[in-house]
Amino acid sequence: MGVNKQNCRNELRTAIQQLNDRCLYSASKWAAEQLVGIEQDPTKYPPSHTRLQRDSSSILRRFHCTDEITSTPIAGTSYVSTPVLEEDNGDVDSDLYVLAKSYFNCREYRRAAHVLSDQTGSKALFLKCYALYLAGEKRKEEETIELEGSLGESNTVNSEIVSIERDLAAVRKNGSIDSFGLYLYGLVLKAKGNENLARTILVESVNAYPWNWTAWLTLQSLCTTIDTLNGLKLHNHWMKDFFLASTYHELRMHNESLAKYDYLQSTFGSSNYIKAQIAKAQYSLRDFENVEVVFEELLRIDPYRIDDMDMYSNVLYAKECFSGLSYLAHQVFLTDKYRPESCCIIGNYYSLKGLHEKSVMYFKRALKLDKNYLSAWTLMGHEYVEMKNTPAAVDAYRRAVDINPCDYRAWYGLGQAYEMMGMPYYALHYFKKSVFLQPGDSRLWIAMAQCYERDEIRMHEEAIKCYRRAASCNDREAIALHRLAKLHSELGQNQEAAFYYKKDLERMEEEEREGPNMVEALLFLATYCRAQERYEEAEVYCTRLLDYNGPEKEKAKSLLQAVKLAQSGFP
């Protein structure tokens with residue numbers, strides 16, 4: 001049975017109410033954004049009523065699926081019906097629940113839990129346990145700050161998880177647990193390090209109730225390999241497609257992720273979330289031009305958006321776009337300056353201005369707001385490298401890989417830091433980790449090749465292999481071809497050196513670049529062709545060298561004279 005847009009709307013509208021009722025506000029917000037992301041029928045709704053959808057159309061045109069598709073064409077797909085939970089109002093005093101929810105919304109978590117302490121229904125049990133869990137998290141953060149300082153490592157734990165696990169395990173055993181209880185049970189098991197059981201429980205939760213996006217994200221955090229992902233026994237539902245698209249991105253399967261989002265756009269054509277996720281995948285593929293266009297449009301549609309905008313700031317930073325980054329930093333500062341993303345954007349702005357101390361201050365502020373905010377640790381490491389404070393850089397990068405071992409930028413940063421400290425074997429180890437995680441990035445292969453070239457290692461054949469990989473990965477800086485030519489020349493492999501010098505010369509001509517690399521390539525090719533008795537080619541290269549001043553010009557004259565003599569029959 002397929003799914004049409006109206007069914008999706010009905011499911012999301014019901015789910016938003018149910019999620020709000022359980023104080024799962026992040027999941028409710030996500031569901032509401034997808035609800036608005038389903039394009040309305042223009043014959044029933046005039047354009048003035050669908051401004052968000054209308055404004056999104058220019059982004060949508062950049063991608064493939066623009067036709068209306070009302071059902072999922074995947075063979076054999078079946079869908080869970082519209083969510084209608086049997087609310088256990090008979091077992092819970094609704095007035096007490098409303099009071100507990102009010103306390104919860106005021107962040108008085110223990111007070112909320114106390115109000116529900118005598119209630120037995122699954123809905124009341126969930127909110128009670130969830131309130132206790134958040135009370136424990138709040139206290140854990142306070143202890144971390146009190147004991148270790150705001151950025152220090154801490155062994156503090158959530159003191160509530162043992163009792164929460166006991167209560168939820170008991171209701172699961174007697175079969176009275178609901179999907180929300182299962183979600184919280186999985187979250188607690190993950191916190192205790194029991195990942196296998198946590199995965200099993202979370203799969204039960206999303207299969208029973210697929211509209212809780214926070215449950216999917218918790219499950220995603222436990223899927224660190226494609227084998228783990230493929231081993232999940234998930235029911236087919238359109239929410240599963242969102243989960244797979246997001247998890248593919250985390251597993252660095254960016255093309256598969258883009259294909260999923262492209263498919264989802266047939267139903268959720270105006271979803272800003274999907275557009276941002278597409279931009280994130282393109283960012284990982286280093287397609288900065290498209291990323292910039294998408295984020296510019298997202299800001300125009302939703303000028304107070306902060307989600308994912310730190311990635312946009314990274315693109316503007318890489319392109320050295322001062323005006324764009326200045327505008328973005330000003331915008332997020334006015335919108336909410338105490339969001340970790342805002343602090344990272346402002347940190348990038350100061351870094352681009354060369355104010356590295358001020359940049360570090362903002363990255364530290366981001367980490368005070370969220371000590372597990374990966375981007376801030378990595379970017380702070382970059383700043384410490386710029387400031388030549390390598391021990392601090394190493395510490396920042398290590399914190400980043402502790403949070404996410406799949407963050408290739410942090411491994412690459414560790415490699416750079418150890419190279420700066422004159423420890424090339426350590427650097428090589430970290431560069432290898434980074435290229436394993438991001439094999440399509442030429443910069444990583446070049447860094448590893450340069451490490452192999454160092455006097456302490458001198459493994460030129462390995463360096464050549466790395467430069468070849470870099471050349472095949474769209475080496476934008478055009479370093480690999482020149483180094484390949486030079487290395488082969490130093491090893492006396494003149495035929496291979498000539499091949500790469502010629503390729504490098506062709507690229508320089510295509511990009512209209514001049515400079516010492518072109519002179520070097522022309523001189524080598526002129527000498528090589530003369531030795532190979534390819535006099536006409538040698539003459540062409542020599543003639544081109546006459547346009548340059550310096551010792552190369554004199555060498556070219558001498559070579560040209562020798563070529564003409566050889567052409568005349570003289571040895």
Short side-chain donor-acceptor distance under 3.5 Å, D302 and N272:
no
Between E297 and R300, does any NZ, NE, NH1 or NH2 come within less than 4.0 Å of an OD or OE carboxylate oxygen?
yes
Output the distance between atom OG (S270) and atom CD1 (I301), rounded to the nearest 0.5 Å.
8.5 Å
Heavy-atom closest pair, residues L229 and L244:
CD1-CD2, 4.0 Å
Decide yes or no for Y408 and D441: does some side-chain heavy atom of the first lie under 4.5 Å from some side-chain heavy atom of the second?
yes
Residue pair Y541, L505: steps toward the side chain to side chain contact (heavy atoms under 4.5 Å, CB included) verdict:
CA-CA 11 Å; Y541 294 128; L505 184 63; 3.8 Å; yes
Contacts of type side-chain contact (heavy atoms from CB on, under 4.5 Å), residue Q495, not counting sequence neighbours
Y528
Answer yes or no: is there a donor N or O on one side and an acceptor on the other, between the side chain of W411 and the main chain of P405, under 3.5 Å?
yes
Kindly indicate whether the side chain of R399, heavy atoms from C-beta on, has any atom under 4.5 Å from the side chain of L367.
no
So which atom in C473 and which in G440 form the shortest heavy-atom distance, rounded to 0.1 Å?
CB-O, 3.5 Å
Can you run down the salt bridge (Lys or Arg N to Asp or Glu O under 4.0 Å) pairs that involve residues 319-331, sequence neighbours left out, and say none if there aren't any?
E289-K319, E292-K319
S257 side chain to A245 backbone, donor-acceptor under 3.5 Å:
yes
Quick one: side chain to side chain donor-acceptor pair (under 3.5 Å) partners of T543, sequence neighbours excluded?
none
S246 and Q220: side-chain donor and acceptor closer than 3.5 Å?
yes
So, S284 side chain and K280 main chain: donor-acceptor pair closer than 3.5 Å or not?
yes
Check: A480 main-chain N/O paired with D475 side-chain donor or acceptor under 3.5 Å
yes
Using a 4.5 Å cut-off on heavy atoms from C-beta on, say whether the side chain of V360 contacts that of M387.
yes
Y426 OH: over 12 foreign heavy atoms closer than 6.0 Å:
no
So which atom in A366 and which in P340 form the shortest heavy-atom distance, rounded to 0.1 Å?
CB-O, 3.7 Å
If we only count heavy atoms from C-beta on, is the L444 to F431 side-chain gap below 4.5 Å?
no
Grab the two heavy atoms, one from L222 and one from R199, that are nearest each other, plus how far apart they are.
O-NH1, 2.6 Å
The criterion is ring-ring contact (aromatic ring centres under 6.0 Å, His included); which residues satisfy it with H382, sequence neighbours excluded?
Y397
If I take atom CD from residue Q416 and atom CG from residue L414, how far apart are they, to the nearest 0.5 angstrom?
10.0 Å
Any side-chain heavy atom of R305 sitting closer than 4.5 Å to one from T335?
no
If you apply the rule side chain to side chain contact (heavy atoms under 4.5 Å, CB included), what do you find for L298 with D308, and how did you get there?
CA-CA 10 Å; L298 282 174; D308 308 309; over 6 Å; no
Using a strict cut-off of less than 4.0 Å between a Lys/Arg side-chain nitrogen and an Asp/Glu carboxylate oxygen, indicate whether D547 and R544 qualify as a salt bridge.
no
Might you work through the ring-ring contact (aromatic ring centres under 6.0 Å, His included) test for Y412 and Y430, ending with a clear yes or no?
CA-CA 6 Å; Y412 175 59; Y430 294 119; over 10 Å; no
Minimum heavy-atom distance A498-L525, with the two atoms named:
O-CD2, 3.6 Å
Answer whether the closest heavy-atom distance between the side chains of L379 and N314 falls below 4.5 Å.
yes
Using side chain to side chain donor-acceptor pair (under 3.5 Å) as the criterion, list what pairs up with S323, not counting sequence neighbours.
none
Yes or no on side chain to side chain contact (heavy atoms under 4.5 Å, CB included) for H249 and M253, after CA distance, side-chain angles and deciding distance?
CA-CA 5 Å; H249 176 74; M253 298 166 62; over 6 Å; no
Under 3.5 Å, is there a donor-acceptor pair between the side chain of K502 and the main chain of A521?
no
For R483, all residues meeting salt bridge (charged side-chain N to carboxylate O under 4.0 Å, His left out), sequence neighbours excluded
E453
Work out which heavy atom in V294 is nearest to a heavy atom in A279; give both atom names and the distance.
CG1-CB, 4.0 Å
Classify the side-chain pair N348/S313 by whether it contains a donor and acceptor separated by less than 3.5 Å.
yes
Not counting sequence neighbours, which residues clear salt bridge (charged side-chain N to carboxylate O under 4.0 Å, His left out) with D307? List them please.
K29, R339
N/O donor-acceptor pair under 3.5 Å between E33 side chain and Y273 backbone
no
Taking the side chain from K368 and the backbone from K364, do they hold a donor-acceptor pair closer than 3.5 Å?
no
Please collect all ring pair (Phe, Tyr, Trp, His ring centres under 6.0 Å) contacts where either partner lies in residues 451-509, sequence neighbours excluded, each pair once.
H488-Y500, Y501-F524
Measuring from atom CE of M380 to atom OG of S375, what distance do you get when rounded to the nearest 0.5 angstrom?
12.5 Å
Is there a donor in the side chain of Y548 and an acceptor in the side chain of E514, or the other way round, less than 3.5 Å apart?
yes
Between D227 and N230, do the side chains contain a donor N or O and an acceptor N or O under 3.5 Å apart?
no
Measuring from atom SG of C406 to atom CZ of R252, what distance do you get when rounded to the nearest 0.5 angstrom?
4.5 Å
So, using side chain to side chain donor-acceptor pair (under 3.5 Å) as the criterion, who are the partners of Y373 when residues are at least two apart?
D310
Let me confirm one number: the CD1-CG distance from I278 to N290, rounded to the nearest 0.5 Å.
10.0 Å
Looking at T228 and T224, would you say the former's side chain and the latter's main chain have a donor-acceptor pair under 3.5 Å?
no
Residues in side-chain contact (heavy atoms from CB on, under 4.5 Å) contact with A478, at least two apart in sequence or another chain:
R507, R513
In this structure, OG of S359 is separated from CG of L352 (nearest 0.5 Å) by 10.0 Å
Quick test of your reading: applying ring pair (Phe, Tyr, Trp, His ring centres under 6.0 Å), list the pairs with at least one residue in residues 322-356, sequence neighbours left out, ordered by first then second residue.
Y350-Y362
Under 6.0 Å between the ring centres of W238 and F268?
yes
Taking salt bridge (charged side-chain N to carboxylate O under 4.0 Å, His left out) as the test, write out the residues that go with K557, two or more places apart.
E554
Judged by atom type as modelled, is there a donor-acceptor pair below 3.5 Å linking the side chain of S472 to the main-chain atoms of R469?
yes
Looking at E537 and R530, is there a salt bridge between them, counting it only when a charged N and a carboxylate O are closer than 4.0 Å?
no
Are L374 and D407 close enough, and set up right, to give a side chain to side chain contact (heavy atoms under 4.5 Å, CB included), and what steps lead you there?
CA-CA 8 Å; L374 182 65; D407 180 22; 3.7 Å; yes
